[in-house]
Each structure stands twice: as C-alpha cells, then as structure tokens.
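First comes the structure, then the notes that go with it.
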Amino acid sequence: MVVSSADQSEHLNQQVRMEETADPPFEKTYKSLFSNLTATAPPQKMNLMPELSSVEECELPLIDLRRLSLGESEAAACRKQIARASSEWGFFQVVNHGISGEVMERMRGEQKKLFKKPFHEKKNYKDLNFSAGSYRWGTPSATCLKQLSWSEAFHVSLSDVIGSGGIDSLSSIMEQFAVMVSDLSQKLVDILAEEMGEKSCFFKETCLPSTCYLRLNRYPPCPIYPQMFGIMPHTDSDFITVLHQDHIGGLQLVRDGKWFAVKPNPDALIINIGDLFQAWSNNVYKSVEHRVVANPLNERFSAAYFFCPSYDTVIESGIEPCVYRSFSFGEYRKQVQEDVKLFGHKIGLPRFLVKTH
C-alpha cells in the first residue's frame, strides 16, 4: 500500500495537534463511560443528571473584615457574624480580607499561563519543584459519568512553594498568595475557636505552612455533554478552605437539603468549613457538601487554599458528649482514599461517629 505525502502530512499534523492541545483527553480516556449513552441519543440531547437542570441561585453571607478593626463593638458583631455563617451555612464570603487585588490578578494570570501549556507538558511538568502527582485531571476511579470530574488541577503542597526563592514568576506569586491566605485562615480559625469559648493555640501549633495545600483549578468547557460535574459532590477534608474564583460561576452547595448555585463575586474570597472543623467543634460548625458544574461554553478558574494540620495531629472535641471519636488527620485521609477507591466517592465523617450501644 502506497501512502501519499499528503496523507503522511495530515497524519503528522493530527499528531502535533493532539500533543499540543491544552485540554486533557477526557472523551478518549473515559470512552467506555460515554459509549453506552451515545448509542441511544445524541450527546447534546441527553440530560445525564436532571437534578442539575433547575438549581436556584443564592448569595452567600457577605462579611466585611474591615469591621474587625473598627472598635470592639463592631469587631464583636463581625466575629459573631462569622460564627453564625459557619454554623448556619458552612460557607460565607469576605471582602477587605487583606489580600490585594493586584496579588489576586497576578495569581490568576500566572495560573492561566500554566494551564495553557500543552497537556503532555502539564502531565510531566518539571519547571517547578512540585511533588510527584501534583498534576491531576478527571477521576481515575470513575465507573460512571456521575463520578467523573471534568477538570484539571495542580494540587501543590506549600512545602514545595514556601522558601523556594521565587525561581520564576509563578512560584513567586504562589508563595506570596499562600503566605497572605495562610494569615487570613489563621485569623478566621482563631475567631471561630474563640466564639466557641476556646482560646487554645491548637491551630498555630498544628496548621503550619508546610502542612497546607494550594490547589489551582481549571474547568475546561464541556459543550458535548450537558450538566457534567466539574468536581463531583464532596466535602473538604481540612479545617477551612479559602477559595478565589472568577466570574464564570458553577459552584453549588447544599442548604436545608437542597442544592443552590452560588452567585459569583470575583472581588470576594469564599470561605468554607471543612470536615476537621466540624469534628473539632462537635458539629457547631458545618462542613457542607458542594460541587462544581462544568460550563458548556467557558472555561473557569479557581484557586483553593486548604488549611490542614500535620498527619499525626489528633482531632478531638472538648465538648461532651462527643459526636465523633478522636482520630488523626492521617487516619482520616487514609479512610477517605480507601472509600473513594472502593465506592467511587468519599464517605467522610460518618465513618468516625461515636458508636452507641
């Protein structure tokens, strides 16, 4: 068989395009999850998850942290507002948080440049001193489309960033952003502890920069299959999460047993309570299930800071009767990983409830 030079050239061009595309190969890798569906109806006509179609929008409680410096009366009211939102919503947003718009804009700009790199470069990214496995995409354990996350991320330990000396513009702004968000996180957890009557230095001793994580997320457009998860429903396995997101939207959370879409506010940072704080507070503060829904037309970017302790830190509540047994953060993470591998999703805190007889 004779292959023309034109055919060879086209084949080569296809290979180059495949290698240079920024998007991960979702459809190719998860072909088996899609194949059964495409045989029955065109993808655009399918409503894979009808529960995503009619979700009302909500605005999270908005807290101006400048009030903390306006005298004791204003500061006390602001602290109570933070505690109330953490108890009733598990989510809130903050403005005048101490992280300048310039830093957040530079962070987003470097994040976009990073994700524009070809997929094969991101998969083997060695320009920065990120630990192996930092780049993640899709859901390796997915057995159905409801378990597939249409997203990619760099999940970076701050030990890879702090003290790196700013070897390039990305690592420099990541370090600057992380230090600022770490200070904000410490301030917020101290307030939440004090509002419970706890004045311990527990968080300062256990949640060090080296134990926390920064996750840079990109959610590519998903025009082929409607109502696809960017990240499947979950709770966060930390004390608190600080999220900087763009204007696209897609974040949804559960409130009173119903899903709501969070109205985006690019000028604010979103704070949400994690599983460890719910256990430590004995259910005073709520770790709420949330998800991201992919956009059919626009890519979405966010950066999440996870305020975590060291793996050997023991999580236990000083309030009796305790809802959860004591456990280490390392034990909790191991159980989550085992459950995801076995069931395709996280079970979380219900695994650690105190057994009653």
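All values below were derived from every heavy atom in this structure, side-chain atoms included, with hydrogens, water molecules and symmetry-related copies excluded. Remember, it's a predicted structure, so these values are computed and weren't measured experimentally. Numbers here are sequence positions counted from 1.
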Test ring pair (Phe, Tyr, Trp, His ring centres under 6.0 Å) applied to F277 and F203, F307, F202, the passing residue |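 Single ring pair (Phe, Tyr, Trp, His ring centres under 6.0 Å) partner of F277 among F203, F307, F202: F203.
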Would you please test H155 and Y135 for ring-ring contact (aromatic ring centres under 6.0 Å, His included) and show each step?
-> CA-CA 6 Å; H155 192 84; Y135 178 68; over 10 Å; no
Pick from S317, S287, S86: which one makes a side chain to side chain contact (heavy atoms under 4.5 Å, CB included) with Q278?
-> S287
With the side chain counted from C-beta on, respond yes when [X] and [Y] share a heavy-atom pair under 4.5 Å apart, and no when they do not.
X	Y	value
L216	M174	yes
L243	L269	no
F306	D236	yes

Separation between NZ (K334) and CZ (F327), nearest 0.5 Å, reads 15.5 Å
Nearest heavy atoms of S149 and G230, plus distance in Å | CB-O, 3.2 Å
Shortest non-hydrogen contact from M196 toward I319 | CE-CD1, 3.6 Å
Salt bridge (charged side-chain N to carboxylate O under 4.0 Å, His left out) with K80: which of E88, E195, E194?
->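 Result: among E88, E195, E194, E195 is the only option passing the salt bridge (charged side-chain N to carboxylate O under 4.0 Å, His left out) with K80.
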For a salt bridge (charged side-chain N to carboxylate O under 4.0 Å, His left out) with E110, tell me which candidate from K112, R108, K113 qualifies.
->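 Checked K112, R108, K113 against E110; only one passes salt bridge (charged side-chain N to carboxylate O under 4.0 Å, His left out): K113.
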R325, CZ: over 12 other non-hydrogen atoms inside 6.0 angstrom =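 Correct, the count exceeds 12.
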Taking the six-membered ring for Trp and the full ring for Phe, Tyr or His, determine whether the centres of Y305 and F177 are under 6.0 Å apart.
->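 No.
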